[in-house]
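In what follows, chains carry the letters A, B, and so on, assigned in the order in which the sequence lines appear, proteins first and then strands, with residues in each chain numbered from 1. Below, all heavy atoms of this structure are taken into account, side chains as well, without hydrogens, waters or symmetry copies.
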Amino acid sequence: MATVLVQIVRGVIEADRRLGAPGGDRGAVVEFQGVVRGLEDGAPIDGLEYECHVEMAEVQLRRIAEETARFFALDSLLVLHRIGFVPVGETSLYVRAESAHRRAAIQAVDEVIVRLKRDVPIWKAACGT
Amino acid sequence: MATVLVQIVRGVIEADRRLGAPGGDRGAVVEFQGVVRGLEDGAPIDGLEYECHVEMAEVQLRRIAEETARFFALDSLLVLHRIGFVPVGETSLYVRAESAHRRAAIQAVDEVIVRLKRDVPIWKAACGT
Amino acid sequence: MRVSFRLWSVMRVAAGTARVEIEMPSGTPVRDALDILIDRYPELSRHRSSARVAVGTDYVDGDRLLVDGDEVSLIPPVQGG
Amino acid sequence: MRVSFRLWSVMRVAAGTARVEIEMPSGTPVRDALDILIDRYPELSRHRSSARVAVGTDYVDGDRLLVDGDEVSLIPPVQGG
């Protein structure tokens, strides 16, 4: 059984690099960070304000993560999404997958993000300069 | 122009999390770690001994990294391969790509690894218990 | 019964409120409940076709019959990541 | 001319040495140089079809003409990652 952890967080995301049972069979660790970019629709911004239906987002995200971890037979999957104000250059989304094999970990990270962007109730608004 | 750094290293890989110009346009950071697994061909091992034609490996790896960074329009690409003895559970390969967009960074990481596994003169031998 | 609507993002901004409570007959289908909401907040109508609906923490379709105390979220296209 | 061969991994183990120096006529093509090497180290022959050849830091094909001082690496299938 994969270790699956999802969390909607306020404040800076500190990537938990210790996730996953030591001595597990992982041969591949893939980490993704989504970072707030300095331009939104071509205009410079200070950051993004993320709005979130937290209870629903956690349920949806957990379902996505559990299904993805099972499908790709991962050792572990961690998904953190920051909400509230996120300044330019800071991480809004952090995903980490551990697996025996590279392709499974890479595809799992991509799949989680695709589904998150489709179904998890989070919205953003640019905060101008 | 992307920041491209490749290195064949001896000793523990400390992921350089500060790579990439601050204030760059990166919106996605993807990191891959290849970790030595506890079983090789079904038998438990202590680790792997990596042999490497270092001069050639650095040239080949640099070419792969530069071509990949250009093709995927990355902001930065870092590739570190550890050689010598790497104990089970430690990282033998670390790849980090920074890009404006997620898919480019993910595909670039995969592409670098595929080409590294095809062309970079590195070999491994299991070290038994 | 009392149905509690939660409005998010552009729909919250359009309506000028994040929560709306409306009395309606027990067993009202979601699609009829939205008609009632939009009668009250016509500025939501242009978002209706792009929004999905959730009851509690799950997406539902328009046939779903509401019961007393249901919390109905209107979910415009999400933008996480 | 003097050609320096470097043997790696299973080929190094098979030959029992990592380096071999052989005198041969200047301009010898890579494929003929390998014939000469394998005459000397017949235990390398079973690896020949799966090995690639590099001169210096670049892969070359069998037509490449060698010059004095070339360093020729025999590269069995690589296993990095």
Could you tell me whether B/Tyr94 and B/His81 have their ring centroids closer than 6.0 angstrom?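 Between B/His81 and B/Tyr94, which both carry aromatic rings, the centre distance is not below 6.0 Å.
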Checking D/Ser9 against chain B: side chain, backbone, both or neither under 4.5 Å from a heavy atom?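 Interface part for D/Ser9: both.
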Tell me, side chain or backbone of D/Pro77 under 4.5 Å from chain B's heavy atoms, or both, or neither?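 The backbone, not the side chain.
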Heavy-atom proximity to chain D below 4.5 Å, by part of [X]:
X        : result
B/Arg63  : side chain
B/Glu51  : side chain
B/Val59  : side chain
B/Leu116 : both

Quick one, D/Glu21 with D/Ser4, criterion side-chain hydrogen bond (donor to acceptor under 3.5 Å, both in side chains). Give me CA distance, side-chain angles, the key distance, then yes/no. CA-CA 4 Å; D/Glu21 309 240 320; D/Ser4 173; 3.3 Å; yes
Salt-bridge present (B/Glu98, B/Arg96; N to O < 4.0 Å):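 Salt bridge between B/Glu98 and B/Arg96, a charged N being under 4.0 Å from a carboxylate O: yes.
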Less than 4.0 angstrom from a charged side-chain N to a carboxylate O is my criterion; do D/Arg31 and D/Asp63 meet it?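 Yes, charged N to carboxylate O under 4.0 Å.
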Could you walk me through whether B/Asp119 and D/Arg52 pass the salt bridge (Lys or Arg N to Asp or Glu O under 4.0 Å) test, one step at a time? CA-CA 10 Å; B/Asp119 288 337; D/Arg52 286 192 283 172; 3.0 Å; yes
